[in-house]
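Because only heavy atoms are used, hydrogens play no part in the values below, and waters and symmetry mates are left out as well, while side chains stay in. Lettering of chains follows the sequences in order, A, B, ..., and the numbering in each one begins at 1.
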Amino acid sequence: MRVLREIARRPTALFGLAVVLTVVVAAIGAPLLAPFSPSEQLFDGLTLEGAPIPPDATYLLGTDALGRDLLSRLLYGARTSLIIGLVANGTAVAIGLFVGMTAGYLRGAVGNAMMRFTDLMMAFPALLLAIVLAAIFRPSLWIVAMVIAMVNWVQVARIVYTETRGLVERDFILAERSLGAGHGRIIFLHILPHLMPTAIVWGTLGIATTVLLEATLSFLGIGVQPPEPSWGNIIFESQSFFSGAPWLVFFPGIAILLTALSFNLVGDALRDIFDPTQRGRM
Amino acid sequence: MIKLIAQRLAASALILLGVAAITFVLLYLLPADPAVNLAGRSATAQTVANIRHELGLDQPLLTQFLHYLGNLAQGNLGRSYTQKTEVVTLILARLPATLILMAAGIAVEVALGLIFGVIAALNRGGPVDRLVMAACFVGVSAPQFVVALLLLYVFALMLGWFPMSGFGTAAHVVLPALTLGVLGAGWYARMVRSAMIDVLNQDYVRTARAKGISERRVIFRHALPNALLPIIAMIGIDIGQFMSGVVVVEAVYGWPGIGQLVWQAIQQVDLPIIMGVTLVSAFAIVAGNLIADLVAPLIDPRIRAR
């Protein structure tokens, strides 16, 4: 409740939250909201010359090169973006929490080895790795999500590691330990709750990165495969028509931008709320 | 200091070795078979087996990897499967184009970031500051390929100011550099802003103002130089990110750099090129971070003292 009140006091965060909710509603309600089927090549969906139809009263955002309704495809595309955003980023945060917490709690040889491995992952050209993996595996929604998770967990792990190391030194952990608490109890009951703000902030900010990465992979033709609509592959399919039909690039582009922007705004606000010392920082 | 440098260099070499090992295992365990790809659809099993033998792909993974490392130690990245040329030669031929793009992109980024970061810091909390920060958020949230396509649409197609794609003249570099720079400028502006705000609150800035020095001199002579340190570190990190981040921009603008080279190689399952470009990119990331760490104490004596 306090968090919601704090968000309501910030106009940018409120705007972000509103857009996020709109995207969620669009994704869940796509079958009800979409005026047409996303994959149906409509009978009058092309002009007499066979070109896509610009936005008009029937096709609010126009049609694509195959005569499909763009608005309907965008609504279903919101599903793709959100599913990948939640699955890929959820996995990344979970891996990051696990690695960071274990390494920070255990330290010693195991902890060191784990952190050296994250150093190594930091040196990996992330986008290149994602492109190579996505291109060589048979692309599908889940492969794309896993590829993104594989490159996105590293940052979370490093932040969680630093925080865990700080927590382990605190007196209440020492007190727990002297009362005879086991490692599992200390980690899950006493360290994890303190890491929740970080997990929530990165869970939100990371969705913005994920949405952008999915769109990029799909735009290159190695992400979500048509006919399944994703905002990135709508642009991928329409690239060659874009001089005559710029709306086919413009509307999905706006959808990607607004979604990524909103998750960033909400994530940034959450970070401010949880940790006022970070206000206005990167 | 020298000991520190030596330690960092050794760690960097180990990291690169690790990157090589992981990429190698990933690529060679993946389902795509370069031999099948090379032989073509109608090839017999015998032809595919011959090609596999010729490329050394029938050897155990470890043997292949050690062989690769042996070559690497001599600066040899192997031969491209499809282009029948040394990978080193191919990469060196493409590197200048990418470096030009990178330099132009970073120049745009840093220039915009400095200007808007300083403006925001000087108007801290006011409407100008809010506007600049909002614009930064839009910048870092914008998908690169959409910005690339929109710039193409407006400045090449509608206005005809710049060529659609290609390489050669200064006009060709403008749109790709803007695409890279405009998006990254958001990070720089935020960083410059917070560094400037920190510095402007320092005692020596107040002293400078109390001495009656003009505000312009206080900002540019006393405050800004000390706010530049994080920017230098960021440029170091950026160099590495750019090396792998140019794939999309090079694809959209038909820019003949290493991004395009690796993109073609990915489609042809040309493993030595993919390996080579990944290593070069990883090298750039490690070198960029190293430079960032080593240059900081040269510029700022306070760090040297620590």
Side-chain angles (χ1 to χ4, degrees), chain A residues 11-12 15-16 116-117 119-138 208-209 211-222 231-232 235-236 238-239 242-243 246 249-250 252-265 268 279-282, chain B residues 11-12 14-19 22-23 26-27 30-32 124 130 133-134 137-138 140-147 149-150 152-153 157-158 187 190-191 193-194 197 230 240-241 243-248 251-252 259 262-263 265-267 269 274 277-278 280-286 289:
Chain A
T12 50
F15 166 80
R116 289 296 80 76
F117 183 67
D119 282 348
L120 209 163
M121 289 301 292
M122 292 288 273
F124 247 107
L127 181 63
L128 189 59
L129 179 70
I131 290 174
V132 169
L133 290 180
I136 296 182
F137 277 117
R138 275 276 125 249
T209 327
V211 166
L212 288 176
L213 195 49
E214 181 274 321
T216 304
L217 293 178
S218 297
F219 165 73
L220 290 172
I222 52 177
W231 294 337
I235 300 180
F236 167 67
S238 317
Q239 244 186 116
F242 105 102
S243 58
V249 171
F250 188 69
I254 291 286
I256 300 166
L257 169 67
L258 272 181
T259 309
L261 174 64
S262 302
F263 277 106
N264 269 334
L265 288 174
D268 197 62
R279 192 157 296 168
R281 298 258 173 177
M282 299 286 294
Chain B
S12 303
L14 275 180
I15 284 179
L16 283 177
L17 190 67
V19 170
I22 292 179
T23 317
L26 276 178
L27 287 182
L30 284 182
R124 184 184 186 185
R130 293 219 189 106
M133 283 302 106
F137 257 115
V138 176
V140 300
S141 309
Q144 216 177 38
F145 61 97
V146 173
V147 174
L149 289 174
L150 285 181
L152 265 182
Y153 186 74
L157 216 63
M158 280 171 59
W187 297 116
R190 294 188 63 161
M191 204 165 200
R193 175 182 177 273
S194 77
I197 288 174
Q241 292 309 319
M243 291 293 267
S244 76
V246 291
V247 177
V248 177
V252 174
V262 75
W263 181 231
I266 287 169
Q267 280 150 341
V269 205
I274 302 177
V277 173
T278 308
V280 170
S281 300
F283 179 80
I285 293 176
V286 170
N289 288 340

Under 4.5 Å from a heavy atom of chain B, the part of [X] involved:
X        : result
A:Ala123 : both
A:Ile222 : side chain
A:Ile235 : side chain

Would a 4.5 Å heavy-atom cut-off, applied to side chains only, mark [X] and [Y] as touching?
X        : Y        : result
A:Thr216 : B:Phe145 : yes
A:Phe219 : B:Val252 : yes
B:Trp263 : A:Ile131 : yes
A:Leu257 : B:Pro143 : yes
B:Phe137 : A:Thr12  : no
A:Phe250 : B:Leu149 : no

Practice item. Select one option (side chain, backbone, both, neither) describing which atoms of B:Ser12 are under 4.5 Å from chain A's heavy atoms. Key: neither
Check your understanding: Taking every heavy-atom pair that is under 4.5 Å apart, which of A:Thr209, A:Val249, A:Ile256, A:Leu220 has the most such pairs with chain B?
Key -> A:Leu220
Point to revise | Stepwise side chain to side chain contact (heavy atoms under 4.5 Å, CB included) test for B:Thr278 and A:Leu129 | key: CA-CA 8 Å; B:Thr278 308; A:Leu129 179 70; over 6 Å; no
Practice item. Name the option with the most non-hydrogen atom pairs under 4.5 Å to chain A; the candidates are B:Leu16, B:Ile266, B:Asn289. Key: B:Ile266
Point to revise | chain A interface, residue from B:Val277, B:Val19, B:Leu26 that has the most non-hydrogen pairs under 4.5 Å | key: B:Val19
Using 0.5 Å steps for rounding, measure from the [atom1] atom of [X] to the [atom2] atom of [Y].
X        : Y        : atom1 : atom2 : result
B:Leu150 : A:Ile254 : CG    : CD1   : 7.5 Å
A:Phe263 : B:Ser141 : CZ    : OG    : 11.5 Å
B:Ile15  : A:Arg116 : CD1   : CZ    : 8.0 Å
A:Leu127 : B:Gln144 : CG    : CD    : 7.5 Å

Point to revise | B:Arg190 versus A:Asp268, closest heavy-atom pair with distance | key: NH2-OD1, 3.5 Å
